[in-house]
**Q** 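Okay, handing you the structure first.
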Amino acid sequence: GEPGGGRVSAAEVWVAKDDGSELVRARAIAAVSRDYTGTVTARLSGGEQSAVTLVTVVSHEGKHTPDDLHRQLIRAVAQLADAAEPAVIRPVWDEQGWTWATEPL
């Protein structure tokens, strides 16, 4: 049986790349990292250990990510863990900087 007993399984949560070109199932993410350039990458669990770049920072654009953007993603996923509806978390740039927005799938 499933861990957690008879509890209804949580809805699917997906994480989008900054350009929207790819969606990754949140529960497939094994690690999230932010490198010295500010690029945020998710490493996926599973045999192939593939990685998906979620936020690409082009230095000349000055769109630097906050130091904790990768932690913000983990927090956003955790908040949606028991959501009833499938959702997408995507990185968004505005005048405040980079944040994660949540929207219905």
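This chain uses plain numbering: 1 for the first residue, then up along the sequence. Predicted, not measured: the structure shown is a model, and the values here were computed from it.
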**Q** V88, L44: one ILVMFWY side-chain cluster at the under-4.5 Å cut-off?
**A**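 No, V88 does not connect to L44 through the hydrophobic network.
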**Q** Identify the two heavy atoms, one from T37 and one from H64, that lie closest to each other, and give their separation to 0.1 Å.
**A** O-ND1, 4.0 Å
**Q** Backbone N or O of R71 within a donor-acceptor pair of the D68 side chain at under 3.5 Å?
**A**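 Side chain of D68 to backbone of R71, a donor-acceptor pair under 3.5 Å: no, none is there.
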**Q** Are V15 and L23 linked, directly or through other ILVMFWY residues, by side chains that come within less than 4.5 angstrom of each other?
**A** no
**Q** With the 4.5 Å side-chain cut-off for hydrophobic clustering, are V55 and V92 part of the same group?
**A** no
**Q** For E85, look at atom CD and say whether over 12 heavy atoms of other residues, nucleotides or ligands are found less than 6.0 Å away.
**A** no
**Q** For the residue pair A42 and L54, what are the closest heavy atoms and their distance?
**A**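 Smallest interatomic distance, heavy atoms only, reads CB-CD1, 3.8 Å.
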**Q** Check whether D18 reaches the backbone of T56 with its side chain - one donor and one acceptor, N or O, closer than 3.5 Å.
**A** yes
**Q** Between V32 and V77, is there a shared hydrophobic cluster once you connect ILVMFWY residues whose side-chain heavy atoms come closer than 4.5 Å?
**A** yes
**Q** OG1/T99 to CZ/R90 distance, rounded to the nearest 0.5 angstrom?
**A**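 Between T99 OG1 and R90 CZ, I get 9.0 Å after rounding to 0.5 Å.
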**Q** Any donor-acceptor pair under 3.5 Å linking the side chain of W98 with the backbone of P66?
**A** no
**Q** Are the side chains of R43 and I29 in touch, meaning some heavy atoms are under 4.5 Å apart?
**A**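 They are not in contact (no side-chain heavy atoms under 4.5 Å apart), so the answer is no.
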**Q** Decide whether L105 and L80 are clustered together by the hydrophobic rule: side chain heavy atoms of Ile, Leu, Val, Met, Phe, Trp, Tyr closer than 4.5 Å, transitively.
**A**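 They do not share one cluster, since no chain of ILVMFWY contacts under 4.5 Å joins L105 to L80.
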**Q** With no hydrogens and no angle check, do the side chains of T65 and R34 hold a donor and an acceptor under 3.5 Å apart?
**A**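 Side-chain D/A pair, T65 to R34: present.
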**Q** Output yes when a side-chain donor or acceptor of R27 lies under 3.5 Å from a complementary backbone atom of W14, and no otherwise.
**A**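 Absent.
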**Q** What is the minimum heavy-atom distance between P91 and A16, and which atoms define it?
**A** CD-O, 3.1 Å
**Q** Closest heavy-atom contact between V40 and L69?
**A** CG2-CD2, 3.8 Å
**Q** I need the L73 CG to W100 CH2 distance, nearest 0.5 Å.
**A** 4.5 Å
